[in-house]
Amino acid sequence: MTIMTTATTPLPAIAPAPVWARRAAHAVALCAVPSVFWRIAMASGVPVGYSDRVLRDVFDIPGWGIAYVVGLSVLTELAALFPLLLVSDRWRPLRPTVLAPLAWTASGVLVLVAVWQLVVALSVESRTYMSSGTAQTVWAFAFAPLFAVPALMTAVTWSYAKRHRTVGRGRG
């Protein structure tokens, strides 16, 4: 006799994620790549528009700032891979009752972070660190795709919640 526990109980079959949701989830992961490359370049000593004094005094590069910038880059890309869990048919590490609220929370946090980043990017102090208009333009192109992430993540989360809500009601 096999005893079924929550760890061994099979999850109900659900409809696969729509193609648009899969594309949006992959787009989230790709939106983070330019900013990650920009940060890695900064940590590697490539001139990205900051003076040596700003790198040293504000970012502590060279020094512990390198570990911070590289660590932030790794965490950014790992977080950008999270939406892929919401469209995966094969790998479900968390039950939908846990993953859906987590995804909605992540979507809300992303919206708040995007608004905060806009305020920081448009502040006078933030602009004074960059040494030229070209550096600001490169920075803008590297970080602009991140502003699409909240909308993409919210759409993927909505799709996930809709598919799993249907299963929970017994229609799936």
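As a basis for the values below, the full set of heavy atoms in this structure was taken, side chains included, without hydrogen atoms, waters or symmetry mates.
The nearest pair of heavy atoms linking A32 to E77 is CB-OE1, 3.4 Å. Summarising the geometry of W38 relative to A142, their closest heavy-atom pair is CB-CB, 3.9 Å, with the distance given to 0.1 Å.
By the rule that hydrophobic residues join a cluster once side-chain heavy atoms approach within less than 4.5 Å of another member, W158 and Y160 end up as members of separate clusters. If you chain together hydrophobic residues whose side chains sit under 4.5 Å apart, L84 and V33 never meet in one group. Follow the hydrophobic side-chain contacts under 4.5 Å out from V87 and you reach L102 in the same cluster. By the criterion of side-chain heavy atoms lying less than 4.5 angstrom apart, applied directly or through intervening Ile, Leu, Val, Met, Phe, Trp or Tyr residues, V70 is grouped together with V36 in one hydrophobic cluster. Grouping the Ile, Leu, Val, Met, Phe, Trp and Tyr side chains by contacts below 4.5 angstrom, directly or via other members, places F143 with V28.
Side-chain contact check for C31 versus F147: every heavy-atom pair is 4.5 Å or farther apart. M42 is listed as a side-chain neighbour of L55, based on a closest heavy-atom distance under 4.5 Å. Residues V138 and V48 form no side-chain contact, since every pair of their non-hydrogen atoms from C-beta on lies 4.5 Å or further apart. For the pair M153/V111, no side-chain contact is recorded, criterion being any heavy-atom separation below 4.5 Å from C-beta on. With a 4.5 Å cut-off on side-chain heavy atoms, R163 and P18 count as touching. You'll find the side chain of F59 reaches within 4.5 Å of the side chain of V54, heavy atoms only.
Separating the OG atom in S159 from the CH2 atom in W20 is a distance of 4.5 Å, to the nearest 0.5 Å. Taking OG1 from T154 and CG from L110, the interatomic distance works out to 7.5 Å, rounded to the nearest 0.5 Å.
Without hydrogens or angle criteria, S107 side chain to A103 main chain gives a donor-acceptor distance under 3.5 Å.
Take L72 and apply the side-chain contact (heavy atoms from CB on, under 4.5 Å) test, not counting sequence neighbours, and it matches R39, Y68, T76.
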